[in-house]
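Since the structure comes first, as structure tokens, the remarks are kept for the end.
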Amino acid sequence: MPIRILLADDHVMVRRGLHVFLKTQEDMKVIGEASNGQEALEQAQDLEPDVILMDLHMPVMDGIETARRLRNLLPHTRIIVLTSFSDQDHVVPAVRAGVKGYLLKDIEPEDLAVAIRNVHSGQVELHPAAASQLMHVMASMDMLSEASRVEGNSQEETLFQGSNQTVHQTSGPSERSNPSKLDEPGYSSHSSHSWNSNPSSPPSDEGLNALTRREREVLGLIAQGLSNKEIAVRLVITEKTVKTHVSHLLDKLGLADRTQAALHAVRNGWEL
């Protein structure tokens, strides 16, 4: 039986190019195409594909929200993100949404075919840039866990929960990476009121008082794994305004990036 694939991308030429290439693979069959997340959701329920090859930035419903819904509706369908973005704003929410592959559009066709087969067989495929982002987050969580043990605190909430599975770093056009063993990132949902995991230990408000109400809201949503675009929708402000708030709160807290900000909030038991 061929691997049944649904393509979801708002660019016709991208879908057409993928379709033409996948037709050359004897063990693969494109059974449908969608130009936005809503169409992908509807077609996936009708066709029940084995694999969905999906962009993140699409109209009507983006790829991350589509992946979240598909994870509940079709848990056996595996989603591979094929995008141009490899930053934390995209990688982390996508993995938490349930995707089993995160690839960049500069991937070689032959490597894409291998990645599809691997994901279909139950493995996880990550472009090296995406793997680097996840390793950074996981290493930061390990540091936080170690700090918590030293301080006698129990951090029960984590950004990722692990289950042993092979994760392949899919090489880009100028490199070939050997597969490495990592824990597959899972998914946990953070409430904006769940940061103090040890109620008996009083939270430290140092730094928090320097933030405005809006900056606290943005920090809380960052800690939940939302991208700037998603935060803008949630708070009904522009994405540019979100970026300004992120920049200001990082400056006030003396931190380098969004992951450090989220971890700082957890470590201090802030309720945001």
Side-chain angles (χ1 to χ4, degrees), residues 8-11 35-38 40-41 54-69 81 83-99 102 104-105 129-130 132-134 136-137 140-141 144 157 159-160 187-196 203-272:
D9 195 297
D10 58 328
H11 293 97
S35 61
N36 59 63
Q38 184 62 44
L41 196 63
M54 184 167 62
D55 192 12
L56 286 181
H57 287 248
M58 296 184 293
V60 186
M61 184 188 300
D62 64 27
I64 291 174
E65 180 59 28
T66 304
R68 287 196 189 105
R69 299 192 186 189
V81 165
T83 182
S84 302
F85 303 93
S86 60
D87 56 279
Q88 282 186 21
D89 284 0
H90 294 85
V91 175
V92 175
V95 172
R96 293 184 65 189
V99 307
Y102 196 104
L104 299 188
K105 289 183 175 179
S132 176
Q133 294 289 356
L134 290 180
H136 172 70
V137 173
S140 298
M141 292 304 300
L144 173 60
E157 293 278 334
L159 288 179
F160 299 111
Y187 326 97
S188 63
S189 177
H190 287 282
S191 165
S192 60
H193 303 292
S194 64
W195 293 113
N196 189 7
S204 170
D205 288 336
E206 183 180 358
L208 180 61
N209 293 330
L211 303 182
T212 65
R213 178 184 61 82
R214 182 63 89 185
E215 288 166 353
R216 293 188 190 194
E217 291 176 335
V218 171
L219 178 56
L221 295 174
I222 288 174
Q224 293 181 48
L226 273 66
S227 67
N228 286 345
K229 182 178 181 180
E230 292 172 316
I231 293 173
V233 172
R234 182 75 64 87
L235 299 180
V236 196
I237 56 180
T238 66
E239 190 171 352
K240 182 178 180 180
T241 300
V242 174
K243 292 179 180 179
T244 299
H245 287 313
V246 172
S247 177
H248 287 171
L249 71 87
L250 290 177
D251 286 343
K252 290 179 180 180
L253 298 176
L255 301 172
D257 57 36
R258 300 160 62 92
T259 301
Q260 289 185 12
L263 296 176
H264 191 70
V266 174
R267 183 169 57 249
N268 287 286
W270 290 351
E271 295 186 1
L272 300 165

Response to the item:
In short, N36 meets P59 closest at the heavy-atom pair CB-O, 3.0 Å

Worksheet item: Mind checking what makes side-chain hydrogen bond (donor to acceptor under 3.5 Å, both in side chains) contact with T241, not counting sequence neighbours?
Response: T238

Response to the item:
Taken in chain and number order and not counting sequence neighbours, the residues that satisfy side chain to side chain contact (heavy atoms under 4.5 Å, CB included) with T244 are H248

Fill in: salt bridge (charged side-chain N to carboxylate O under 4.0 Å, His left out) partners of K105, counting only residues at least two apart
D9, D55

Discussion item. Please enumerate all residues that pass salt bridge (charged side-chain N to carboxylate O under 4.0 Å, His left out) together with R214, with sequence neighbours excluded.
Written reply: E217

Worksheet item: How would you list, by chain and number, every residue that makes a side-chain hydrogen bond (donor to acceptor under 3.5 Å, both in side chains) with D10, sequence neighbours excluded?
Response: none

Worksheet item: Looking only at heavy atoms, which two atoms of T66 and A40 are closest? And how far apart?
Response: CG2-CB, 4.3 Å

Fill in: Which residues share a side chain to side chain contact (heavy atoms under 4.5 Å, CB included) with L221, sequence neighbours left out
Q224, L226, I231, R234, L235

Practice prompt. With sequence neighbours excluded, give me every salt bridge (charged side-chain N to carboxylate O under 4.0 Å, His left out) pair touching residues 237-249.
Written response: none

Worksheet, complete the sentence: Those residues at least two apart in sequence (or on a different chain) that pass salt bridge (charged side-chain N to carboxylate O under 4.0 Å, His left out) with D62 are none

Response to the item:
Rounding to 0.5 Å, atoms CZ (R69) and CE (M61) come to a distance of 3.5 Å

Worksheet item: Which class fits the ring pair H90 and F85: parallel under 30°, tilted 30 to 60°, perpendicular over 60°?
Response: parallel

Worksheet item: Got a sec, which residues hit side-chain hydrogen bond (donor to acceptor under 3.5 Å, both in side chains) with K252, two or more places apart in sequence or on another chain?
Response: E215

Response to the item:
Sequence neighbours excluded, the answer for ring-ring contact (aromatic ring centres under 6.0 Å, His included) partners of H245 is none

Item to complete: Could you tell me which residues satisfy salt bridge (charged side-chain N to carboxylate O under 4.0 Å, His left out) with R68, sequence neighbours excluded, listed by chain and number?
Response: E65, E230

Discussion item. Do S247 and D251 make a side-chain contact, defined as non-hydrogen atoms from C-beta onward lying under 4.5 Å apart?
Written reply: yes

Practice prompt. Tell me, please, which residues at least two apart from S86 pass side-chain hydrogen bond (donor to acceptor under 3.5 Å, both in side chains).
Written response: none

Practice prompt. Could you grab the distance from atom CG of L249 to atom CG of L219, nearest 0.5 Å is fine?
Written response: 5.5 Å

Response to the item:
Heavy-atom closest pair (L255 atom, A261 atom, distance to 0.1 Å) is CD1-CA, 3.5 Å

